[in-house]
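A short worksheet on the structure shown next.
Everything quoted here is computed from the prediction, not taken from an experiment.
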4 protein chains.
Amino acid sequence: MQNVIEEGLLHRAPGRPRDNAVRERILKAGLDLLQEVGFANATCDAIAERSGASKATIYRWWPNKAAVLIDAFVERLTPELPIHDVSTLEEYVTFNLKQFTRVLMGSNGRLFAAVIAAAQTDQDVQSAFLSHWIKPRRALFRTLLERYRAEGLLPDNYDFDQVLDVMYGPLLFLLMVRHVELTLAYAENLANMVLNGLLPR
Amino acid sequence: MQNVIEEGLLHRAPGRPRDNAVRERILKAGLDLLQEVGFANATCDAIAERSGASKATIYRWWPNKAAVLIDAFVERLTPELPIHDVSTLEEYVTFNLKQFTRVLMGSNGRLFAAVIAAAQTDQDVQSAFLSHWIKPRRALFRTLLERYRAEGLLPDNYDFDQVLDVMYGPLLFLLMVRHVELTLAYAENLANMVLNGLLPR
Amino acid sequence: MQNVIEEGLLHRAPGRPRDNAVRERILKAGLDLLQEVGFANATCDAIAERSGASKATIYRWWPNKAAVLIDAFVERLTPELPIHDVSTLEEYVTFNLKQFTRVLMGSNGRLFAAVIAAAQTDQDVQSAFLSHWIKPRRALFRTLLERYRAEGLLPDNYDFDQVLDVMYGPLLFLLMVRHVELTLAYAENLANMVLNGLLPR
Amino acid sequence: MQNVIEEGLLHRAPGRPRDNAVRERILKAGLDLLQEVGFANATCDAIAERSGASKATIYRWWPNKAAVLIDAFVERLTPELPIHDVSTLEEYVTFNLKQFTRVLMGSNGRLFAAVIAAAQTDQDVQSAFLSHWIKPRRALFRTLLERYRAEGLLPDNYDFDQVLDVMYGPLLFLLMVRHVELTLAYAENLANMVLNGLLPR
DNA sequence: ATCTAATCGAGACGGTACGTCGAGTCTTCCC
DNA sequence: GGGAAGACTCGACGTACCGTCTCGATTAGAT
């Protein structure tokens with residue numbers, strides 16, 4: 001039954017189908033180059049050469065270099081930052097900040113910093129990062145936050161985006177400025193501070 | 001006698017002296033272009049043309065495009081962010097976040113972002129930014145925060161650096177990611193959220 | 001029974017037979033494009049699109065773009081340049097030069113020029129043009145010239161190929177260089193000059 | 001006096017002057033490549049690499065590959081085809097056809113063919129070839145032909161341009177179609193045929 | 001009053017990557 | 001097996017910006 005339905009619905013496009021192995025080789029090459037030589041030096045020519053793909057193929061599927069690298073970035077980081085449902089806001093904030101810190105402490109931290117840095121000088125990166133990372137992930141987080149608010153765990157007058165900025169902003173700021181070391185202890189203290197506020201209770 | 005003394009003291013280099021007006025025209029052109037077309041499109045050729053200077057002159061005094069803009073950054077921003085003493089922590093946080101936001105909202109915001117971005121790939125920029133901006137300003141802020149803590153306005157167990165990260169991190173995060181507009185209202189809400197925490201009181 | 005006999009006699013290849021309508025659509029599309037946009041811009045993709053054929057079909061039957069266009073060229077021009085038998089050399093030269101000029105003056109002139117031009121940069125065109133146009137036509141002309149020589153109408157020491165070069169060379173030269181207009185009057189004067197030579201009789 | 005005048009007239013342009021050695025290296029590389037690999041494979045990348053110039057420099061001074069090669073063509077062939085004055089029409093025709101044939105037989109033959117071919121698809125090449133090569137050279141030849149006609153060595157009713165077409169057309173036709181080898185013997189026979197005509201005297 | 005040494009504007013230059021385009025090949029499904 | 005659709009590799013195209021260089025003109029102090 002399932003087969004019949006799929007047969008009818010998923011009408012295969014005519015012509016040679018896209019070779020997914022090529023897509024993956026391109027993304028892998030992009031990711032490797034991003035870590036090895038940085039965003040600016042991860043050229044499309046190099047990606048093409050290393051992946052064994054042609055530049056034409058790259059540009060058929062991505063509008064520019066930035067899009068390729070962001071795509072690779074997203075594909076790499078998405079599984080490393082799964083969205084878990086936890087029962088209370090304390091748990092939620094603490095868990096996510098520690099999880100995110102753990103990612104930023106590894107080699108992916110440099111990746112994150114490189115992407116955000118590139119976004120400052122490249123409009124393509126900026127919009128790709130927004131539409132492929134920030135926007136979709138925020139949409140997912142929003143439903144959780146709405147539940148917390150409905151349960152009275154989060155003040156009514158707080159803007160969701162801003163809540164997330166307060167959570168993740170300090171971590172990314174530290175990642176990029178590096179005035180002190182990024183540690184799990186920092187993340188825990190941060191969670192506490194963010195939850196309770198600067199004013200004494 | 002006079003000559004000899006001046007010779008010894010000032011040790012004037014032979015040849016035509018540097019024309020300071022050119023330096024200022026270059027910095028101004030760089031800032032203007034940054035504001036108008038963004039970092040990537042603020043090309044050295046454009047800076048040269050607009051300032052009436054030659055590219056050779058630019059590269060004689062700065063190693064690259066980023067250096068020009070960082071130079072402009074320090075010169076422009078330092079006077080715009082004076083440190084004011086206010087009596088309560090609420091006032092302090094609100095005042096400083098709004099003041100900083102006002103700076104970031106203008107063309108200097110791009111400048112700030114560009115410097116932090118450059119720091120991700122350039123160790124010199126990184127340490128220069130730390131030692132000429134972050135560290136000295138944090139040292140000044142620290143004395144204020146210590147007073148607030150002594151007066152019981154700030155919990156004892158909060159790390160000073162982290163307090164500042166929680167304040168400025170969200171703003172800089174928003175500056176660089178730009179998922180929503182940076183406004184004074186955002187800054188006020190942020191101050192409120194940071195002071196009271198995410199948990200309901 | 002019928003089936004068996006046909007099978008044996010015609011030795012029909014297995015599978016779907018070649019669709020001759022496709023061949024003609026391809027040649028027509030190639031010819032049209034050749035005249036409209038010239039040899040260089042008559043791309044295979046455009047031929048495929050206009051003819052409704054796929055590129056694979058084109059490359060199954062012709063080794064390359066040049067072959068397609070030459071094939072089209074020959075098919076178009078052969079009926080337009082029939083070989084007529086005339087009794088005297090004067091008539092022969094005058095008739096053929098005028099007939100050829102008439103062809104070159106129309107849109108087929110650009111076609112001819114395009115093919116010869118393409119032959120300069122494309123070995124495939126060169127040999128195709130020689131084997132499909134020059135060689136077979138010269139073979140036919142040769143028998144006529146031999147008869148004229150036998151009748152004493154053409155000096156014995158003249159090389160046949162060279163006679164044809166002297167006849168057609170000037171026309172093609174003018175076609176390609178275009179320093180003056182190609183006209184029937186030009187052809188008539190040319191015939192006279194070629195027949196009588198430059199020296200006064 | 002002379003100095004004063006030159007001082008006033010030849011006012012040097014500001015900025016770094018064009019490096020003529022680069023221009024010559026580019027033209028030489030273009031010619032060499034043309035000879036070695038043909039027009040189609042004489043790519044701009046190859047010219048840049050071989051000449052040691054950058055592609056940007058090539059495209060700063062020439063609009064495209066064809067222009068580079070035509071420029072080289074004129075500079076190369078002009079000194080190789082000097083115009084000599086000879087006393088009789090026979091001598092004149094024989095000498096010039098042999099001289100021209102000698103040029104076409106060498107590597108410059110491909111050059112000539114390539115330029116005429118390029119002119120078929122490129123209006124700029126067409127007019128440049130006419131104005132920089134055909135027109136000025138024909139003007140020079142015309143005075144010679146006028147003298148021959150005045151001396152009764154050339155029939156009165158022959159058009160000068162057509163006389164030259166009859167002389168050079170066959171050679172260029174052979175050059176481009178290459179149905180037989182181009183030799184000095186061919187040139188001599190051609191001269192004889194052109195002078196005496198196809199009809200027996 | 002020259003001489004020397006540096007600055008400056010103009011712009012040519014080598015280099016590197018960009019993003020595009022066409023040729024010719026290969027892969028899938030349909031008939 | 002023939003054919004349409006279209007993905008793919010290869011390689012050249014022409015453009016843009018970077019940072020360097022080479023000029024002549026300029027501007028001072030030194031002789």
Side-chain angles (χ1 to χ4, degrees), chain A residues 11-20 22-23 40-46 48 52-65, chain B residues 3 7 12-19 21-22 40-46 48-49 51-65, chain C residues 12-19 22 40-46 48-49 51-66, chain D residues 11-19 21-23 40-46 48-49 51-65:
Chain A
H11 219 63
R12 209 178 192 313
R16 177 176 174 177
R18 178 172 181 184
D19 184 348
N20 202 54
V22 170
R23 176 176 184 276
N41 297 325
T43 70
C44 272
D45 287 293
S54 75
K55 276 205 299 176
T57 300
I58 295 176
Y59 282 105
R60 191 193 314 283
W61 301 109
W62 292 273
N64 48 52
K65 180 179 85 170
Chain B
N3 285 349
E7 183 103 52
R12 188 92 158 57
R16 178 176 174 176
R18 179 174 182 181
D19 182 351
V22 170
N41 298 325
T43 68
C44 274
D45 289 273
E49 189 183 344
S51 67
S54 74
K55 278 205 297 174
T57 303
I58 295 176
Y59 282 102
R60 191 193 313 281
W61 302 112
W62 292 275
N64 50 49
K65 184 177 81 170
Chain C
R12 189 76 156 57
R16 180 175 171 178
R18 176 173 183 183
D19 181 351
V22 171
N41 298 324
T43 69
C44 273
D45 289 273
E49 189 184 343
S51 67
S54 74
K55 279 206 295 175
T57 302
I58 296 176
Y59 282 102
R60 190 191 317 279
W61 302 110
W62 291 274
N64 50 50
K65 180 179 89 167
Chain D
H11 219 64
R12 208 177 191 306
R16 178 175 175 176
R18 179 173 181 181
D19 184 349
V22 170
R23 177 177 184 276
N41 298 325
T43 70
C44 274
D45 286 299
E49 188 183 343
S51 68
S54 75
K55 276 205 298 175
T57 300
I58 294 176
Y59 282 105
R60 192 194 315 283
W61 301 109
W62 293 274
N64 48 52
K65 183 177 79 173

Subject >> Closest non-hydrogen atom pair, C:A53 against C:V22 >> reply: CB-CG1, 4.1 Å

Original post:
How close do D:S54 and D:A48 get, heavy atom to heavy atom, and via which atoms?
Top reply: C-CB, 4.1 Å

**OP:** Let me know, please, whether C:C44 or A:K65 comes out on the 5' side of the other along DNA chain E by nearest nucleotide.
**Re:** A:K65

Subject >> Residue whose nearest DNA chain E nucleotide is more 5′ - B:G52 or D:S51 >> reply: B:G52

Subject >> Distance under 6.0 Å and angle within 45° of ring axis: D:R23 vs D:W61 >> reply: no

**OP:** Could I get the full list of salt bridge (charged side-chain N to carboxylate O under 4.0 Å, His left out) partners for A:D45, not counting sequence neighbours?
**Re:** A:K55

Original post:
Does anything in residues 54-61 of chain D reach DNA chain E, meaning a heavy atom under 4.0 Å, and if so which residues?
Top reply: D:S54, D:A56, D:T57, D:R60, D:W61

Subject >> Proximity to the side chain of A:D19 - top-ranked nucleotide from F:dC8, E:dG11, F:dC17 >> reply: F:dC8

Subject >> Nucleotide nearest D:P14 when distance is taken to its side chain, options E:dG11, E:dG22, F:dA5 >> reply: E:dG11

**OP:** Starting from the 5' end of DNA chain F, give me the residue, B:N41 or C:V22, whose nearest nucleotide shows up first.
**Re:** C:V22

Would you kindly give the [atom1]-to-[atom2] distance between [X] and [N], to the nearest whole Å?
| X | N | atom1 | atom2 | value |
| --- | --- | --- | --- | --- |
| D:R18 | E:dG14 | CZ | C1' | 15 Å |
| C:D45 | F:dA4 | CG | C1' | 14 Å |
| A:R16 | E:dT27 | CZ | C1' | 5 Å |

Subject >> D:K65: partners by side chain to side chain donor-acceptor pair (under 3.5 Å), with sequence neighbours left out >> reply: none

Subject >> Reported CG-to-SG distance for the pair B:N64 and B:C44, which is rounded to 0.5 angstrom >> reply: 8.0 Å

